[in-house]
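Notes follow the structure.
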Protein chains: 2
Amino acid sequence: METIPRRQCKRTHEYDTYPYEHEEVSMVAITIKDVAALAGVSVATASRVLSGSPATSPEARANVVAAAAQLDYRPNAQARALRSTHTESIGLLVSDVRNPFFADLAHTVEQAALAAGYVTLLGNANERKEQQDRYLDTLISRRVDGIVVSPLGDGSGSIRSLIQRKIPTVFVDRTVDGVDVPSVTTDSETGIRQAVEHLAAAGHTRIGYISGPQSISTGRDRFAAFTRAVAEFGLSQDPELVYFGDFQAASGSAGVHALLELRQPPTALLAADSPMAVGAIAILHRRGLRIGRDVALIAFDDIEWFALLDPALSVISHSVEEMGRIAVKMLLEVIGGGTPESVVLPSELIIRGSSSAPVSPTPLSPEFV
Amino acid sequence: METIPRRQCKRTHEYDTYPYEHEEVSMVAITIKDVAALAGVSVATASRVLSGSPATSPEARANVVAAAAQLDYRPNAQARALRSTHTESIGLLVSDVRNPFFADLAHTVEQAALAAGYVTLLGNANERKEQQDRYLDTLISRRVDGIVVSPLGDGSGSIRSLIQRKIPTVFVDRTVDGVDVPSVTTDSETGIRQAVEHLAAAGHTRIGYISGPQSISTGRDRFAAFTRAVAEFGLSQDPELVYFGDFQAASGSAGVHALLELRQPPTALLAADSPMAVGAIAILHRRGLRIGRDVALIAFDDIEWFALLDPALSVISHSVEEMGRIAVKMLLEVIGGGTPESVVLPSELIIRGSSSAPVSPTPLSPEFV
DNA sequence: CGTTTCCATGGAAACGATTCCACGAAGACA
DNA sequence: TGTCTTCGTGGAATCGTTTCCATGGAAACG
């Protein structure tokens with residue numbers, strides 16, 4: 001007995017031992033083994049044909065392809081990824097799907113990835129660090145080939161794991177201080193400077209700024225740009241004119257409330273992203289203030305329907321399409337072993353009705369009425 | 001030589017043969033084997049601890065947990081799913097992420113799934129059958145535990161594979177004729193009937209309808225409801241008053257153009273979804289028509305910022321949150337082996353400024369000017 | 001015609017986890 | 001004290017694929 005090799009006891013898995021009962025047949029998933037059997041070739045050959053290896057005879061190819069089609073065979077992505085270490089998929093983690101900017105970004109990234117043969121797994125951090133970490137963990141576990149992320153928080157948590165594991169990563173829209181990862185971002189400076197200049201030219205001296213959180217790079221950048229511009233054009237630098245929101249609609253509403261309660265309220269408002277602008281508009285309406293006449297309003301982010309408002313909303317515009325496209329291109333470079341340079345896209349003021357009227361004669365300040 | 005068993009040549013994979021060079025150490029992924037080795041237990045025990053099996057000693061548990069933490073171990077989801085046939089993940093395939101309705105749906109589905117311990121892989125069919133099929137294939141390949149889909153097209157292609165493989169599936173917002181799958185949909189009838197009644201009461205007799213495509217269930221349902229309502233209230237059933245769009249913004253614009261070119265143009269418009277309403281509004285603005293005065297407008301789908309327009313847009317509202325929540329609940333039931341009943345959610349007219357003025361005296365019809 | 005090269009093919013190892021099974025130690029019971 | 005459970009543990013099979021290696025026949029070369 002001792003001379004019989006161990007593998008003797010390995011249970012055979014021939015077809016006749018399969019639990020083929022009379023019903024529920026369709027429940028047992030069909031594998032490459034079934035395809036090979038039907039095609040009359042070995043699994044190895046079947047695999048070669050299905051993954052397009054050149055070392056196959058036309059005959060085998062035809063048989064296998066026919067068998068696969070007949071059985072409606074779908075390769076098990078898990079098994080495939082387990083053996084060959086790439087999954088032909090990327091992760092996209094946005095900070096808030098309901099923000100139209102990120103919805104558009106999701107759309108362009110996905111289309112660009114699809115064109116390159118990758119599928120996109122989309123995660124939504126919902127502007128919350130725990131959820132970001134949770135999704136990042138899942139994406140790591142699923143061994144995506146790379147990740148495009150608009151990060152929040154600092155370089156701790158799963159972002160750190162990402163870097164340590166050298167998982168191909170590209171930051172989009174936002175960056176994380178001290179983390180050296182290629183990124184596609186927007187140069188807020190130009191657009192914000194143009195906006196402030198434009199408002200100053202219309203006679204505004206007190207501009208209220210509804211800022212994003214300082215824990216997010218775009219929040220910091222835009223606030224810094226605003227601060228610089230206000231100083232440059234000699235406008236009021238009253239710190240009360242700045243309200244710190246969280247990039248979500250409710251905080252835009254709260255910001256308007258707070259700013260309008262000031263003893264010397266602003267005559268113009270600048271919102272650092274579109275959801276906060278939406279929140280701001282809602283409250284301005286409710287308070288009976290006419291945008292573009294009683295108060296000027298400009299928003300960062302160009303959302304399609306902002307132009308449909310009456311008056312149409314002036315915006316600081318930057319290209320989502322380009323951002324998404326470039327992010328995918330860069331990620332593919334990183335996956336390919338390259339180290340692409342970070343890209344900074346331009347921003348630009350688009351003047352519409354909401355900011356075009358000159359400053360009205362002290363409309364908001366009760367003490368001058 | 002011949003007596004040496006084959007397995008002799010099996011390469012050993014002891015640790016000392018690992019390609020540990022002085023650098024790039026972090027590139028080699030850490031597996032459960034590493035964790036087990038560091039903890040001084042077998043892989044089997046490590047696995048048991050990590051997947052929370054009760055049959056483990058406190059001592060082993062402590063060691064393994066510590067080792068896993070120290071190595072920052074992340075289980076390989078592929079391998080895990082290969083063995084145990086569930087992946088703790090669901091797929092969500094929406095027809096268009098840029099449609100705020102579906103963005104919101106994505107958000108609620110994702111949050112509901114997360115709460116139940118599932119991650120959501122989101123796909124975007126972009127209202128195109130090929131892309132829907134492509135994503136469905138990927139989701140099948142990745143062996144998600146279930147799929148929530150707002151389907152388009154008929155029951156052919158990958159939808160069929162889904163059913164045949166008995167992959168837990170729930171339709172959301174839309175259904176597919178002849179395919180027996182639990183669904184969460186909206187009862188368009190009530191809301192549309194209310195809208196038509198409301199317009200009729202204001203004196204409108206010719207209502208232009210910008211319809212969704214008849215290849216999509218909601219397109220058909222809403223059109224049928226409109227047809228019935230128009231007949232019921234004795235309004236014009238002129239077929240020219242119906243424009244068939246594709247649920248995307250551009251076709252809303254085209255619809256308005258077409259309807260306003262009629263010899264007898266409508267005095268009120270009803271758009272079957274929000275992107276088409278946006279396209280419609282853009283063209284109405286461009287043509288200098290005042291919504292709510294020169295022409296009434298009502299849209300299906302309640303989008304947050306529709307209330308911010310001036311005049312605010314009357315809408316037929318239905319609850320996305322509930323739809324998403326119920327879809328996930330139903331999917332979990334199907335995964336658990338149940339067969340939940342389909343759910344139909346109510347819709348309801350919300351009257352705002354865009355439809356409140358009485359019909360203006362022949363404002364649009366050139367022949368009466 | 002004999003030797004070498006080429007190439008399609010099949011067998012089996014490998015990927016990283018889970019889980020069945022057997023085993024030995026310890027506690028319970030008579 | 002001896003047998004019977006109970007329980008933690010490790011070895012090994014297993015999931016479905018890719019890929020290395022050996023093989024054998026055909027083609028090409030001298």
Side-chain angles (χ1 to χ4, degrees), chain A residues 5-13 17-19 28-37 39-64 68 71 73-88 140-143, chain B residues 2 5-13 17-18 28-37 39-64 68 71 73-88 140-143:
Chain A
R6 279 250 192 79
R7 47 189 27 260
Q8 171 74 18
C9 59
K10 179 180 170 191
R11 213 184 322 134
T12 169
H13 38 179
T17 70
Y18 265 15
V28 36
I30 44 190
T31 74
I32 200 172
K33 233 183 284 183
D34 304 282
V35 175
V41 298
S42 71
V43 259
T45 302
S47 169
R48 274 185 284 255
V49 169
L50 293 171
S51 47
S53 159
T56 48
S57 69
E59 191 195 352
R61 230 166 317 178
N63 284 337
V64 171
L71 295 175
Y73 165 74
R74 310 294 165 103
N76 183 325
Q78 327 283 352
R80 191 197 287 263
L82 186 57
R83 187 61 230 259
S84 50
T85 38
H86 51 300
T87 57
E88 318 293 300
I140 295 175
S141 273
R142 302 203 148 242
R143 302 292 191 265
Chain B
E2 295 88 58
R6 277 254 188 78
R7 48 186 26 259
Q8 170 76 19
C9 61
K10 177 181 168 189
R11 214 184 321 133
T12 167
H13 40 175
T17 69
Y18 264 17
V28 34
I30 43 190
T31 75
I32 200 172
K33 232 182 286 182
D34 303 281
V35 175
V41 299
S42 72
V43 249
T45 302
S47 169
R48 273 185 285 255
V49 169
L50 293 171
S51 47
S53 159
T56 48
S57 69
E59 190 194 353
R61 230 167 316 180
N63 284 337
V64 171
L71 295 175
Y73 166 75
R74 311 294 165 102
N76 183 325
Q78 326 284 354
R80 190 199 288 262
L82 187 56
R83 187 62 228 262
S84 50
T85 37
H86 50 300
T87 57
E88 317 293 298
I140 295 175
S141 274
R142 301 202 148 244
R143 302 291 191 268

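These numbers come from a predicted model, not from an experiment.
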Heavy-atom closest contact (Thr31(B) atom, Asp34(B) atom, distance): N-OD2, 2.7 Å
Shortest non-hydrogen contact from Thr45(B) toward Ala60(B): CG2-CB, 4.0 Å
Polar atom pairs (N or O), protein with nucleotides 17-22 of chain C, under 3.5 Å:
from	atom 1	to	atom 2	distance (Å)
dA17(C)	OP1	Tyr73(B)	OH	2.8
dA17(C)	OP1	Asn76(B)	N	2.9
dA17(C)	OP2	Ile32(B)	N	2.4
dA17(C)	O5'	Tyr73(B)	OH	3.4
dT18(C)	OP1	Arg80(B)	NH1	3.1
dT18(C)	OP2	Ser47(B)	OG	2.6
dT18(C)	O2	Arg83(B)	NH1	2.6

Listed partners of [X] passing side chain to side chain donor-acceptor pair (under 3.5 Å), at least two apart:
X	answer
Ser141(B)	none
Thr87(B)	Ser89(B), Asp145(B)
Arg143(B)	none

Donor-acceptor under 3.5 Å (Gln78(A) side chain, Ala79(B) main chain): no
Ser51(A) side chain to Ser47(A) backbone, donor-acceptor under 3.5 Å: yes
Touch class at under 4.0 angstrom, heavy-atom based, for Ala81(B) against every strand present: nothing
Strand DNA chain D in bracket notation, Watson-Crick/G-U under 3.5 Å with | for pairs to another chain: ||||||||||||||||||||||||||||||
Those residues that, when tested against Arg74(A), pass salt bridge (charged side-chain N to carboxylate O under 4.0 Å, His left out) (two or more places apart): Asp72(A), Asp137(B)
Atom pair distance, as rounded to whole Å: CG in Leu82(B) and P in dG16(C): 12 Å
